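These numbers come from a predicted model, not from an experiment. Chain A is the first sequence line, chain B the second, and so forth, proteins listed ahead of strands; every chain is numbered from 1.
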Amino acid sequence: MNEDRFVIWRGQIVDDATWKDNLPATKWKSSDEIPGWGSRYRVRVVGKDTEGKDVPDSQLEMATIMYPVTAGSGHGGSYQTSNLRKGSFVWGFYEDPDLKQGLVILGCLGNNEQIMLSRTTSISGFDPFSGYIRENVPYNDIPAEGSPIPPNGPRPLEGSNNQLQTSIADQEQLKKGQQEIPLAVPSSCDKLQLGAIQIEIQKFLQDIQDFKNQVNSWKNTILRPINENGKSYSIEEYITYKIQNVAEFISGQLKNLITEIQGYVTRKINGAAKETYDLLPPDLRASAKPAVETANDLLACLFRKIIKNLLGLVVKFLMQIAERFINAPLCAVENIVGSLLGKLTGLINSGVQAIMAPLNAILGTVDIAGDIIGFVEDIISFLSCQDQPECPEVTGWSIWNGPTRFTSSSNSNPLSIVNKVKTYASTVQQSVDPENFDFDLDFSDIFEDTCNVGPIFCGPPTVEFYGGGGSGAAGNVIVNAVGDILAVDLTSFGSGYTSAPVVRFVDACGTGRGATGRSIIGPVAGIGTTIGVVQVIIDNNGSGYLQTPNGDRGGDGRVWAYADQTTVKRADGKYDRPYYPGEIINVNPGDEVYSCGRNSVITQGQAYTAPQCSQQILPKQDKYLTSLELDDVTIENPGVNYNCSIDKIKITPDRGAILEYECDSYGSITKVKVVKRGIGFTEEPMIEIETETGYNARFRPVFRVNSIGEVIDPNQVISVIDCVGKV
Amino acid sequence: MADTKNYHTIGYGTKDGEIKFGHIHEDGVLSGFIARNGHDPNHYITLEASGEPHRKHGTICRSPGSFQVQAGDNVPPNQAGIFFDSVSGDIILRASKGRIRIEAQDIDIIATGGTGTKGNITVEANDTVLINGKQSVDIRSKISTKLASEKTVEVIGNGILNIYGGLIESMDGSTDALSAKGSKLCPLPTPATPREIQQRIISFLKTVT
C-alpha cells in the first residue's frame, strides 16, 4: 500500500449474481459458515475495466467498503450495515494505487428519480440498471401515479430522494386507515344500530367494486393478494366471501330485534291465556295449561328456526344488492333493514297464527298478529330517544380519522322504516307449517325504492355538527381555488347546545384531506336565550378539496368513476365497472350509459366505444359569493422569549389587516388583537412575529364570512356552493 | 396551510422495509417517525406529530398479522406486568369476528362513575349470558335485584332451595310483576296474594267499623 498517493476511482456495482454469495444470506452460527470476507461488492471501474464487458462481471475485482465514523466498525458492538445494491454507482480509492488494486468504496452517488433504470443487466457496462432485478419491490417504492396500462405503468423509482414520494403503500394506508369501524352499543341505546349496518354495507360494496375494477387498476392488482390474506378468488367467489362476512354482522344486529319480538309474542300469548283461563269451563282448564306450554315451545322453536335461517336470508338479500348499489346512504340502509324486518315480521305473523290455531280452539280467538307490527313500530320509534346519557357517544371509528359516527348523528327516519316494515310485512303471503318451519323469502321487490344508491357527483365538502346536546347547526364550507378550507358560512346556528358540538368535514368522494375544525357556541343574536353554534374555527385547512364538481362521481368517501370514464347501468339495475375511453362495451336495450355528463338509454343492442370527452356537462349548483374578513387570531402555541417592546407581528398577505399582540413576563404571547380586520382573503395568510429572541409562537386566522351581492373585485371573493339540505 | 411541507424528511430503507423521520401521510398528517414493512403497506408503526386531537402525538400500530405483547416475566406478584392507561377517553377492545378472552387468577371489573348516569356495567349478548361459578355465584345489590325472562325462569336448588324475605309475596298468572293479580292458571285459584288478602281484610274491617 502506497500511503503517499491517494488515487480515487469511480465505478458501478455489477449484477449481484457474481458477488452476492460472498455474503451470508441465511442465519449462521459460526464464522466458518461465512463464505466471504465481510461486505464486498464486485465493481466495474471506469478507465480500468471496459464498458464492453471484455472482462466479464464475474472476473472483476471485489471492493471492500469504508464505513463512516458514525457507523462504527463492529468493535465493542458498534456497527451499521452497508446498504449498497447492484447497479449503485460508487466512488473509492485504491489501496495500491500503483497497481490499481485494492478497491475501497468510499461512498455512492444517490440515484436520481428521473433516470430510467434498465430491468436487465445484459447491457453495456456503466449503463444504469435497477437494483430490483430478481428482487421483490416494496410497496413503499411503487409510485401511486402512472399509466394504468402495462408495460408503461409505474416503475419503481429507486431514488435516493424519494422520502416524500407518494407510493401505493401510502395510498393503501390512507384507504385502510380511514376505513370506518362500527362500534357496538348496548341495545338499550340503539335498537337498530343502522349506522353500524351502513358502515359494513359501504365497506362491502367498495370491496366488491375494487375487486371488479382490478381489471383496469394496477393498484388493486398489486394489492389484492395481501388484501385478502393471500387467497385467490374469482369475482363470484369474492362476492360470496364478502357477503358472508357482512351478512354475519347484519344478521347479528337483526337477531337482537328478532329476540325482542320473540319476547313480546311470548308475553302476549301467555297474557292472553291468563286473561281467558278463568272464563273456561272447568273441564277445559286442565287441557289449557299443556296447550299454552306447547304453544310456548313451538314459538321458541319458530324463533330459533328464524334466527338459524337469518344468515341465509341476509346472504340472499345481499346477493341482490351487491352489484346494484354503488353507495349505501342512510335511506338505503333504512330500506334494507325495513324490508328485512318487514318480511321477517310477516313471516312471524304467519307462524304465530299457525301456532295459535290449536290454542284458539281452547281459549277462543287470540289475535296478536296485528300487534306484532305495532310492537316493531314501538321498537323502531325508540330510535328517536336513543341519546341517553349513559350511552357511548361514538359509534364509528377509524384509526386515522378517529370518531366518525355518533349516536346523535343518526338522521334516520323511524316513520320511514315503520312504513317499510308494514309494507313488506303485508307482502309475505307464505303460511308456515309449525311442524316444519321451513321458509324462504323473496326480496325481488325491494329495488322499487326511490332512494338513490347510484353514484353522486363529487363536489365541495359539507360540514356536520355532532353532539353537544343541541341540533340544527348547519353551514356551507368555504373552499378556495387551491382546495383549502378557509371557513364555514353558518346558515343555521341551531339551538339547545350545552357544549360545543364536534365539527366534521365530509367529502363525499374523499378527494380532500386533513381539514379539521372546532365549533364555538354562544347566545344567538336576536333569538332570546338560544345557545347555538356561533363560530367555526378552522384548525387545519387541509388540501385537495373541490370548490365545484369536477365531473368525477362516487360517494361514501371515494371516487368510483373519473370524469372521463363511461359507466353503464344494466337494465336489471346492476352496474358495470367504469370504462376508460376507448374501451368497447356491449350494451343492450334498456341499459343506461353515462358518458361526458350525458345519460342515455340504449334502445338497440350494439358495441359501444367509451368516448374521450372533450367537454363535461356538469350539474348546475346554487352558488353565491362571499368575502372573508379577518375576525380573530387564535394562538396555537404562545412561544417564549419574545421581546414584546421590539418584535413586530406581521400578517402576509395582509389585505389591509393590522394586528397587535401582548405577552407575559416570559415573552409568551397571551393575546393577539385584530386592530383592523382587512377583507378579501382568498388564502390563509401567514402570521408571524419578526424576532431575534423568541421562538415557537404559532397563530391561526379566524375569518368572518360576508355574503355579498355583487362582485367588487374578483380577486377578493370566493364562490360558494350552497350545499345545506342537499344530498 | 395547504399541503403539509417538510424539507427535512429523512429516510432509511431496503426492499424489506423502511424507517422515516418526518414522513407525510397521504391525508397530510405529519409523522415524527414511521416504520413500515415493505411487504405489506398496512404493516406500520407511526408516531404522529399533527392531525386531529386523537391523532396528534398519537401512536398507530397497524398489523395485518397479530399484534402481540408479552411482558412481565420478572415482575413481582401484584405489580403490573402490562399497564394500559387511557388518561382521557375510552378504551375500546373489539374482535368483531372473534372472541375476547380474558384470563387471570382473579378478575375485577369495576365501574367508578362519579355522577348519577355513570358507574354502570352493561353485559349484553344477543344470545346467551352464562355465569358459572364452580363454587358459588353471589349476586347482590343495595336497592333491587331482578331475574326476569319472557318465557321461563327456573330456580333450582338440587340439595336445598331457601328463599328468604322480610315480606314475601308470590303469585302466578301475573301479567305484570308490579301489579298484584290473583292466580288464574293455578288449579285452585287463590283470590290474591297473602298481602292482598291482609289488605282486603283491613279494608273490609274499616268499612264495617
Side-chain angles (χ1 to χ4, degrees), chain A residues 83 132 135-141 163-164 166 168-174 176-178 181 183 186-187 223 226 245 248-249 252 255-256 259 262-264 266-267 271 273-275 277-278 285 289 296 300 389-390 392 394 397 399-403 482 484 513-514 516 540-543 684, chain B residues 1-4 6 9-18 20 22-29 36-42 44 46 50-55 58 60 62 64 90 92 94 96-97 113 115-118 120 122 124 126-127 149-152 173-175 181 184-185 187 189:
Chain A
N83 202 2
Y132 285 133
E135 298 278 5
N136 175 63
V137 178
Y139 290 96
N140 51 275
D141 202 13
Q163 63 270 31
L164 289 178
T166 292
I168 64 166
D170 292 328
Q171 292 196 329
E172 179 66 6
Q173 285 174 5
L174 173 78
K176 290 285 171 65
Q178 291 188 331
I181 299 162
L183 302 180
S187 57
L223 291 166
I226 56 161
N245 274 349
E248 282 176 17
F249 180 85
K255 188 177 166 187
N256 284 331
T259 49
Q262 179 181 9
Y264 174 78
T266 308
R267 200 161 56 236
K274 289 164 197 165
E275 291 294 334
Y277 184 85
D278 57 355
R285 287 185 184 179
K289 191 165 181 283
N296 270 314
E390 69 272 19
V394 177
W397 185 267
I399 58 173
W400 279 31
N401 292 343
V482 295
D484 301 344
R513 59 198 185 187
T516 58
N540 189 331
N541 306 103
S543 63
E684 185 183 272
Chain B
M1 192 175 90
D3 286 329
T4 308
N6 186 1
T9 300
I10 300 298
Y12 188 73
T14 73
K15 66 181 176 55
D16 296 309
E18 66 171 351
K20 282 199 242 179
H23 173 75
I24 298 172
H25 289 291
E26 275 300 279
D27 62 352
V29 168
R36 59 182 172 183
N37 187 339
H39 302 269
D40 189 332
N42 284 308
Y44 61 92
T46 67
S50 68
E52 293 188 58
H54 77 282
R55 186 99 176 262
I60 298 175
R62 177 76 174 87
D90 297 348
I92 300 168
R94 184 172 182 269
S96 63
K97 294 186 180 64
T115 65
T117 57
K118 302 285 186 185
N120 307 302
T122 304
E124 183 172 312
N126 65 2
D127 207 296
S149 169
E150 296 300 348
K151 187 169 179 285
T152 308
S174 167
T175 53
K181 290 185 178 177
K184 287 175 181 173
L185 281 180

From the list A:Asn245, A:Leu183, A:Leu164, the residue making the most non-hydrogen contacts under 4.5 Å with chain B is A:Leu164
Heavy-atom cut-off 4.5 Å, strictly under: side chain, backbone, both or neither for B:Glu52 against chain A?
both
Between A:Thr166 and A:Gln171, is there a side-chain donor-acceptor contact under 3.5 Å, judged purely by atom types and distance?
no
Sort B:Ile60 into side chain, backbone, both or neither according to what part of it lies under 4.5 angstrom from a heavy atom of chain A.
side chain
Name the region of B:Asn6, side chain, backbone, both or neither, that has any atom closer than 4.5 Å to a heavy atom of chain A.
backbone
At a heavy-atom separation under 4.5 Å, does A:Asp141 approach chain B through its side chain, its backbone, both, or neither?
neither
Flag the one option from B:Thr9, B:Thr14, B:Asp127 with the top tally of heavy-atom pairs under 4.5 Å to chain A.
B:Thr9
Heavy-atom distance under 4.5 Å to chain B: side chain of A:Gln178, backbone, both or neither?
side chain
Is it the backbone or the side chain of B:Thr122 that comes under 4.5 Å from a heavy atom of chain A, or both, or neither?
side chain
Heavy-atom cut-off 4.5 Å, strictly under: side chain, backbone, both or neither for A:Gln173 against chain B?
both
Residue B:Lys15 versus chain A: region with a heavy atom under 4.5 Å
both
Which one of A:Leu174, A:Asp170, A:Asn136 has the most heavy-atom pairs closer than 4.5 Å to chain B?
A:Asp170
A:Trp397 portion near chain B, given a 4.5 angstrom heavy-atom threshold:
side chain
